[in-house]
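In what follows, every chain begins at residue 1, and chains take the letters A, B, ... in the order their sequences are listed.
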Amino acid sequence: MSPTPRSNFLRTQIQADLDTGQTIKVVTRFPPEPNGYLHIGHAKSISVNFGLAEQFAGDCYLRFDDTNPEKESQEFIHSIQEDVRWLGYRWSGEVRYASSYFQQFYEWAIYLIDQQLAYVCDLSADEAREYRGSLTEPGRNSPSRDRSTEENRDLFERMRAGEFAEGARVLRAKIDMASPNINLRDPILYRIRRAHHHQTGDAWPIYPTYDFAHGQEDAIEGVTHSICTLEFEDHRPLYEWFINHLPVPHKPRQIEFARLNTSYTLTSKRLLKQLVDTGVVAGWDDPRMPTIAGLRRRGYPPQALRHFCEEVGTSRSDSTVDVAMLESAVRHQLNSEAPRAMCVLRPLKVIISNYQGEEHLWLPCHPNEPAMGMRSVPFSNTLYIDADDFREQANKKYKRLVIGKRVRLRGAYVIEAERCEVDPEGHIIAVHARLIDGTLGEDPADGFKPKGVIHWVSAATATSATIRLYDRLFTTPNPAQDDDVLTHVNPRSLEIIDDALIEPSLTSAMPEAVYQFEREGYFVADRYDFKEAAPVFNMTIGLRDTWGGDNA
RNA sequence: UGGGGUGUCGCCAAGUGGCAAGGCAGCGGGUUUUGAUCCCGCCAUUCGCAGGUUCGAAUCCUGCCACCCCAGCCA
């Protein structure tokens, strides 16, 4: 983190708590429910929680909020840990589980019963909803509300013993059925679920709700600042009610911030699942997905994700960040760390008439970072350039190869096109050119300096590769706004080129290594599919293009 | 229409009574063997609106307006 992080209300508040002595050591936590894959929005939460602990020299725990076994699984516990680690964060101590506090929660539930602050309610789910009232009307007390402490204890113990059917009864807090805050209308603390839990097995037939668990988890762990998103703001009075009515060892404080929204992106689990289920994308880690696994496979560096989260700031106002900001962070990171290489996406043969044999040229791996070293690039009289880099004729705005004009081959010589071969259908199939002597590392002796520079590979040593070109998954800034997100899917979000040509240095790329293919963009060797014998690269992001366009 | 929030440049976002930071995007210009990077410059007399307090208000007060969240035995 930078020495002077930008100001935001969380940092200001925590600093104030430290200054007053209210907080001695900052403790935060990232509390995902293991019921799905993490996405860019979670990355923000991770960045906020771990970042705060880091800034104030405190601790941040990773805690699985596993109170609903029916939706959770061990698979997600693994993937979430991997994603957090990949982002570059390390949690303090062991991974925590809400489920490891189940016995304590159970005892605290009995404590509330004994204090006459909780009761077993026999209402069905439908009845409970009806009794709860509406946004504008108060609720009514449950018929079970005035049970004796003895009866409540007996019933709750029998709930725990597994004597009742699912949904038959619940344990509720006795607060206020007329509260304008619906969360305070005798919220449910425990429900009966005969589900096998991934951590506790079949030990419990009853499970605590989020409200009865979260604050107490924080209290047990000594969390000082329990940071969550805005939709939990209405729950804060309830969070505090439990903390104030239970003999907890510590009083954590909940603070809410606005969740991250990004244009052209979905983060709804339901909608993301729809994309996977309908085959719009290849899976949860498809490079077009906003999941951490997808962004990783796309080649987005974790540092870029962290930088992005820091850059967009943290506030309490609903907002949608322009995805261009994310892309900017990715380019910024990759520009400095990605080695350069050449790859010809749409090969067009160039034959140089006045050059014989082969030589090995040494090109810098990075134009501004000599420390990144040099690489050997073979040169010969038969090359391939990109089809877009040649035209039989063009106006002065076009700075690439044109018949009768000169262009610089990146890191090599200046050539001049003489003529081209065209097949019966009118497609250009080869260009004949001549090399200008003495132009390796020098401008032409006649003083005519070529305006353009194009990339190339030598035919004899180039390797065929599969390149997956990606574009935005959606054509509209807010795809979730519509009922059917599928209508906004970009039909050209993926284009596969399987006969691109790469320079020799690229065949030995390590999976997940990102390169800048000069003049094209950043590309990552696919984490799973890349093989030396069959290279596969995913386009991470194109180079910024401020050129007016293709109007030559 | 009950309760809880939020409104500062196209998009984010600092600022908490003393003359409106920064980033992204955009627009000019320079350097450049990547139409990239980098560099320089421009880009809110105005802070949702209307009143008020004050020598002075984005910051305080009053009243409006707009948008978001809440009626899971999900989190």
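Between the side chains of A:S317 and A:S315, a donor-acceptor pair is found at a separation under 3.5 Å.
A:E520 pairs in a side chain to side chain contact (heavy atoms under 4.5 Å, CB included) with only one of the listed residues (A:D386, A:L469, A:L543), which is A:D386.
Counting distance only, with no hydrogens placed and no angle test, the side-chain atoms of A:R340 and the base atoms of B:rU34 include a donor-acceptor pair under 3.5 Å. Contact annotation: side chain of A:D234 to base of B:rG3, donor-acceptor pair present below 3.5 Å. The base of B:rU34 sits with one of its N or O atoms less than 3.5 Å from a complementary donor or acceptor on the side chain of A:Q516. Judged by distance alone with a 3.5 Å cut-off, a donor-acceptor contact links the side chain of A:R400 to the base of B:rG35.
Between the side chain of A:E137 and the main chain of A:G133, no donor-acceptor pair closer than 3.5 Å is present. Checking side-chain atoms of A:R259 against main-chain N and O of A:L230 turns up no donor-acceptor pair under 3.5 Å. Looking at A:R185, its side chain does come within 3.5 Å of a backbone N or O of A:R132 through a donor-acceptor pair.
B:rU46 and B:rC70 are spaced 38 Å apart, taking the P atom of each and rounding to whole Å. Comparing B:rA14 with B:rG22, their P atoms are spaced 15 Å from each other, to the whole Å. Taking atom P in both B:rA58 and B:rA21, the straight-line distance is 13 Å, to the nearest Å. If you take atom P in B:rG48 and the same atom in B:rC9, they sit 8 Å apart, rounded to whole Å.
Under the stacking criterion of a centre-to-centre distance below 5.5 angstrom and an interplanar angle below 30°, A:Y210 is not stacked against the six-membered ring of B:rA75.
Contact annotation for A:F232: base contact, defined as any heavy-atom pair under 4.0 Å involving a base atom. Counting any heavy atom pair closer than 4.0 Å across all strands shown, A:G441 reaches a base atom. Within 4.0 Å (heavy atoms only), A:S336 reaches no atom of the nucleic acid at all. Nucleic acid contact for A:S263: none, since no nucleic acid atom lies under 4.0 Å from a heavy atom of the residue. A:T67 comes within contact range of the sugar-phosphate backbone alone, with a heavy-atom separation under 4.0 Å but no base atom that close. If you check every strand for non-hydrogen atoms under 4.0 Å, A:D211 touches nothing. Residue contacts shown for A:H455 are absent, as no nucleic acid heavy atom lies under 4.0 Å away. In this structure, A:S328 reaches the sugar-phosphate backbone alone: every heavy-atom distance under 4.0 Å involves primed, P, OP1 or OP2 atoms, never a base. Residue-level contact check: A:L363 touches neither bases nor backbone, having no heavy atom under 4.0 Å from any strand. Within 4.0 Å of A:K449, counting heavy atoms only, lie sugar-phosphate atoms of the nucleic acid but no base atom. Using a 4.0 Å heavy-atom distance criterion, A:A125 is classed as a base contact. Using a 4.0 Å heavy-atom criterion, one finds that A:R331 contacts no nucleic acid atom at all. Across all strands, A:R544 comes closer than 4.0 Å only to sugar-phosphate atoms, never to a base (heavy-atom distances). Nucleic acid contact class of A:R408 (heavy atoms, under 4.0 Å, all strands): base.
Nucleotide B:rU8 forms a Watson-Crick or G-U wobble pair with B:rG15, both donor-acceptor distances falling under 3.5 Å. Remark: B:rC43 base-pairs with no nucleotide in the shown strands. Criterion, Watson-Crick or G-U wobble with two distances under 3.5 Å. Using N1 to N3 plus N6-O4 or O6-N4 for Watson-Crick, or N1-O2 and O6-N3 for G-U wobble, each under 3.5 Å, B:rC74 pairs with nothing.
An OP1 or OP2 oxygen of B:rA13 is reached within less than 4.0 angstrom by no side-chain nitrogen or oxygen of A:R11. Contact check, A:S319 against B:rA13: a side-chain N or O comes under 4.0 Å of OP1 or OP2.
For A:I77 against A:F64, the heavy-atom pair with the smallest separation is O-CZ, 3.6 Å.
Of the listed nucleotides (B:rG5, B:rA36, B:rA75), B:rA36 has the atom at the smallest distance from the side chain of A:P367.
In summary, the aromatic rings of A:F379 and A:W456 are positioned with their centroids under 6.0 Å apart.
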